[in-house]
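Quick notes on the structure that follows.
Start at 1 with the first residue, then count along the sequence.
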Amino acid sequence: MYLTYDQRALDIQYSPSSRVADINVFLREYAERSAQARDRLDVLSGVRYGPRAEQLLDYFPAARPGGPLLVFIHGGYWQELSRLESSFMALDLVPRGISVAALGYGLAPTYGLPEIVDMVAEGVRWICRNACQLPASPRSVYLSGCSAGAHLAVMALLDISDGQRDGDRPDRAVAGAILLSGVYDLEPVRRTYVNRALGLDPETARDCSPMRRLPAVLPPLVVARGENETDEFGRQQAEFVEAVRACGSRVVDLVVPSRNHFDLAFDLGVPGTMLGDSLTELIGLDE
């Protein structure tokens, strides 16, 4: 439990880069593969989904209409990265008939976490409303996110649930979600170095924690982390999965061997990997 750690140990627990030799290796690969996706695939770049400058997405349509759409929400502890480094999975998914949207959003400290949550939720609502008008006319929408992106994906589902936005329950507006190395309770994060940019107080941390706000129903989930992650990321996942199952929702719980916080997402579109096969099963793709 996080309360047993001293400050230095808790900071290390919430530092995913403490488990890899060089985080920049992965960040460069995100950027390089995403640039390749923009070069090799059809793409609508900078599609606006809201009024703020950062509320843009890149959309990669599959060739055949009526397939699924995967919306990817990037990580970076709510303060780094962008949509431009977050479309690498399109290289694998689009040829398989899955459209991809890389969702951009404003970052801390320019924006507070409640504003970031609202931006991403607005993006998900926009996509759900407009999916049939997008190229390839996706018939179903799935969310995915890594680290902070996993947190934001769940918060977007809760936004749909809380407000009954557009008349849809979350399990109807969004068909499923694949959550990677997520943070689902922000109280321990509030006590770490990460909070210097976020400025969370106890009330905001509670309000922005999916664990504290789970509804009676969520769409089917795949919740995954790498084997090489800190104990706190393992605890966060285990407790979140238990809570979601207690609400009656279906969850596939994965710990992927030989993967870490940063390279796990590379498996999203790769058949024959634990994560790639789980995505295929969730979407029901007929290959």
Side-chain angles (χ1 to χ4, degrees), residues 14-16 27 30 34 46-59 70-87 101-129 141-163 165 170 173-174 177-215 218 233 236 240 261-262 265:
Y14 282 91
S15 175
L27 301 184
Y30 294 165
S34 295
V47 177
R48 178 159 298 283
Y49 69 82
R52 291 184 172 93
E54 300 88 350
Q55 288 184 284
L56 302 172
L57 61 86
D58 290 344
Y59 177 70
L70 184 76
V71 181
F72 187 77
I73 305 166
H74 69 81
Y77 261 156
W78 307 277
Q79 56 194 289
E80 296 182 275
L81 299 177
S82 74
R83 76 184 199 281
L84 298 177
E85 301 88 21
S86 305
S87 54
L103 190 72
Y105 55 89
L107 303 176
T110 301
Y111 297 99
L113 189 56
E115 293 176 288
I116 295 170
V117 167
D118 286 346
M119 273 187 268
V120 171
E122 188 171 4
V124 172
R125 294 195 304 270
W126 186 93
I127 289 168
C128 289
R129 286 196 304 268
V141 175
Y142 295 83
L143 304 185
S144 185
C146 183
S147 193
H151 162 269
L152 292 168
V154 181
M155 292 298 289
L157 291 175
L158 298 180
D159 172 86
I160 297 170
S161 176
D162 287 348
R165 305 294 182 121
V174 176
I178 303 98
L179 309 174
L180 310 180
S181 303
V183 179
Y184 309 105
D185 179 5
L186 298 188
E187 177 56 27
V189 175
R190 184 183 72 81
R191 298 167 181 257
T192 72
Y193 72 98
V194 180
N195 202 38
R196 289 197 288 269
L198 300 178
L200 296 173
D201 58 27
E203 181 180 5
T204 306
R206 181 177 61 252
D207 290 345
C208 291
S209 291
M211 279 286 292
R212 312 297 180 94
R213 298 180 49 195
L214 289 176
L218 283 173
F233 276 90
Q236 288 260 357
F240 178 72
H261 192 90
F262 304 102

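By the side-chain contact (heavy atoms from CB on, under 4.5 Å) test, Leu56 is found to be paired with Arg48, Arg83, residues two or more places apart in sequence or in another chain being considered.
Nearest heavy atom pair, residue Ala150 against residue Leu179, reads O-CD2, 3.9 Å. Contact detail for Ile116 and Ala108: the closest heavy-atom pair is CD1-N, 3.6 Å. Closest non-hydrogen pair, Cys128 versus Val174, comes out as SG-CG2, 3.9 Å.
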(request) Using the side chain to side chain contact (heavy atoms under 4.5 Å, CB included) rule, take Phe72 and Cys146 through it: C-alpha gap first, then chi angles, then the decisive distance, then the call. (result) CA-CA 8 Å; Phe72 187 77; Cys146 183; 4.1 Å; yes

(message) Please evaluate residues Leu113 and Leu186 with respect to the criterion side chain to side chain contact (heavy atoms under 4.5 Å, CB included), reporting the C-alpha separation (whole Å), side-chain torsions for both, the decisive distance (0.1 Å), and the verdict.
(response) CA-CA 11 Å; Leu113 189 56; Leu186 298 188; 3.3 Å; yes

(message) Is there a side chain to side chain contact (heavy atoms under 4.5 Å, CB included) between Gln236 and Tyr14? Walk through the geometry before answering.
(response) CA-CA 11 Å; Gln236 288 260 357; Tyr14 282 91; 3.0 Å; yes

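Side-chain contact between Ile127 and Tyr59 is absent, with no heavy-atom pair separated by less than 4.5 Å. Within the 4.5 Å cutoff, no side-chain heavy atoms of Tyr193 are placed close to those of Asn195.
The aromatic rings of Phe233 and His261 lie perpendicular to each other, with more than 60° between the two planes, well past the 30° mark.
Glu115 and Arg52 are joined by a salt bridge, as a carboxylate oxygen and a charged side-chain nitrogen come within less than 4.0 angstrom of each other. Using a 4.0 Å cut-off between a side-chain N of Lys or Arg and a carboxylate O of Asp or Glu, Arg190 and Glu187 qualify as a salt bridge.
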